[in-house]
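Have a look at the structure below before the remarks.
Along the sequence shown, the residues carry numbers beginning at 1.
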Amino acid sequence: MKFLVKWLLNGAIVSLLLLYYAEIPLLTGIAAATVLTVVAYFLGDQLILRSTNNAIATFADAVLAIVYLWAAAYWMNWNLNLGEILVITAILGIAEWFLHRYVFNDSRFMRKTAA
């Protein structure tokens with residue numbers, strides 16, 4: 001269920017912004033968002049978030065998004081510049097922070113930190 005929520009959130013943000021900035025077909029945007037979501041879920045949420053905290057996992061997701069979008073834009077010849085990639089990543093990072101905090105906030109996914 002948590003993956004589905006992440007996929008819907010990331011899919012909406014990434015695919016719509018790719019449509020706007022790079023003027024790519026809708027299915028291409030959905031496919032790109034799906035690949036990013038799968039990698040971010042398993043690497044960022046299942047590995048990093050479980051062993052660290054929300055801030056580190058969100059930062060890792062943002063770095064992953066920058067690298068992935070840059071590589072996809074390069075290989076797919078999308079008209080997407082670094083500024084647009086950073087805007088997509090910033091919006092995605094804010095959404096991820098809330099997702100980690102409110103959806104993934106249970107003891108199986110979040111390490112308790114001493115305050």
Side-chain angles (χ1 to χ4, degrees):
M1 183 64 165
K2 292 178 183 182
F3 174 79
L4 182 61
V5 172
K6 183 178 182 90
W7 181 64
L8 291 172
L9 181 69
N10 286 357
I13 293 168
V14 174
S15 60
L16 291 176
L17 289 174
L18 285 176
L19 285 170
Y20 178 74
Y21 287 129
E23 299 176 0
I24 62 173
L26 178 62
L27 289 178
T28 303
I30 292 171
T34 300
V35 171
L36 176 61
T37 301
V38 168
V39 174
Y41 180 76
F42 287 108
L43 184 64
D45 298 343
Q46 297 298 311
L47 227 85
I48 297 171
L49 184 60
R50 285 181 185 216
S51 61
T52 62
N53 59 35
N54 187 11
I56 293 171
T58 301
F59 180 76
D61 282 341
V63 170
L64 174 66
I66 290 170
V67 171
Y68 173 78
L69 290 172
W70 175 82
Y74 178 78
W75 287 322
M76 302 289 278
N77 201 26
W78 294 342
N79 186 23
L80 194 63
N81 64 43
L82 182 60
E84 294 164 343
I85 291 172
L86 292 176
V87 168
I88 295 170
T89 301
I91 294 169
L92 194 59
I94 292 166
E96 284 285 333
W97 186 84
F98 282 104
L99 183 74
H100 294 160
R101 183 167 174 100
Y102 297 109
V103 176
F104 291 166
N105 189 19
D106 66 43
S107 61
R108 292 177 299 151
F109 293 97
M110 299 291 288
R111 183 178 64 130
K112 301 288 183 191
T113 57

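Linking Ile, Leu, Val, Met, Phe, Trp and Tyr whenever their side-chain heavy atoms come within less than 4.5 Å puts V14 and L9 in one cluster. In the hydrophobic cluster analysis, where Ile, Leu, Val, Met, Phe, Trp and Tyr join through side-chain heavy atoms closer than 4.5 angstrom, V35 is grouped together with V5. Under the 4.5 Å side-chain contact rule for hydrophobic residues, V39 and M76 share a cluster. Neither F3 nor L47 shares a network with the other; the hydrophobic side chains, linked directly or stepwise wherever heavy atoms of I, L, V, M, F, W or Y lie under 4.5 Å apart, form separate groups for each. In the hydrophobic clustering of ILVMFWY residues, with side-chain heavy atoms under 4.5 Å counting as a link, I94 and W97 come out together.
Evaluation of the side-chain contact (heavy atoms from CB on, under 4.5 Å) rule for F42 yields V38, Q46 as partners, not counting sequence neighbours. Every residue meeting the side-chain contact (heavy atoms from CB on, under 4.5 Å) condition with L26, not counting sequence neighbours, appears here in chain and number order: L19, I30.
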Can I get a per-line list of side-chain donor-acceptor pairs under 3.5 Å for residues 77-92, giving both atom names and the distance, sequence neighbours left out?
unit_1: N81; atom_1: OD1; unit_2: G83; atom_2: N; d: 3.0
unit_1: N81; atom_1: OD1; unit_2: E84; atom_2: N; d: 2.8
unit_1: E84; atom_1: OE1; unit_2: N81; atom_2: N; d: 3.0
unit_1: T89; atom_1: OG1; unit_2: I85; atom_2: O; d: 2.8

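Separating the CG atom in N53 from the CD1 atom in I48 is a distance of 11.0 Å, to the nearest 0.5 Å.
For the salt bridge (Lys or Arg N to Asp or Glu O under 4.0 Å) condition, no pair includes a residue of residues 11-21, sequence neighbours left out. Judged as a side chain to side chain donor-acceptor pair (under 3.5 Å), the pairs with a partner in residues 8-34 (not counting sequence neighbours) are, in order, W7-T34, N10-E96. Pairs engaging residues 61-73 under the side chain to side chain donor-acceptor pair (under 3.5 Å) rule: D61-H100 [sequence neighbours left out].
For the pair L64/L36, a side-chain contact is recorded, criterion being any heavy-atom separation below 4.5 Å from C-beta on.
What you find for G11 and T37 is that their closest heavy atoms are N-OG1, 4.5 Å.
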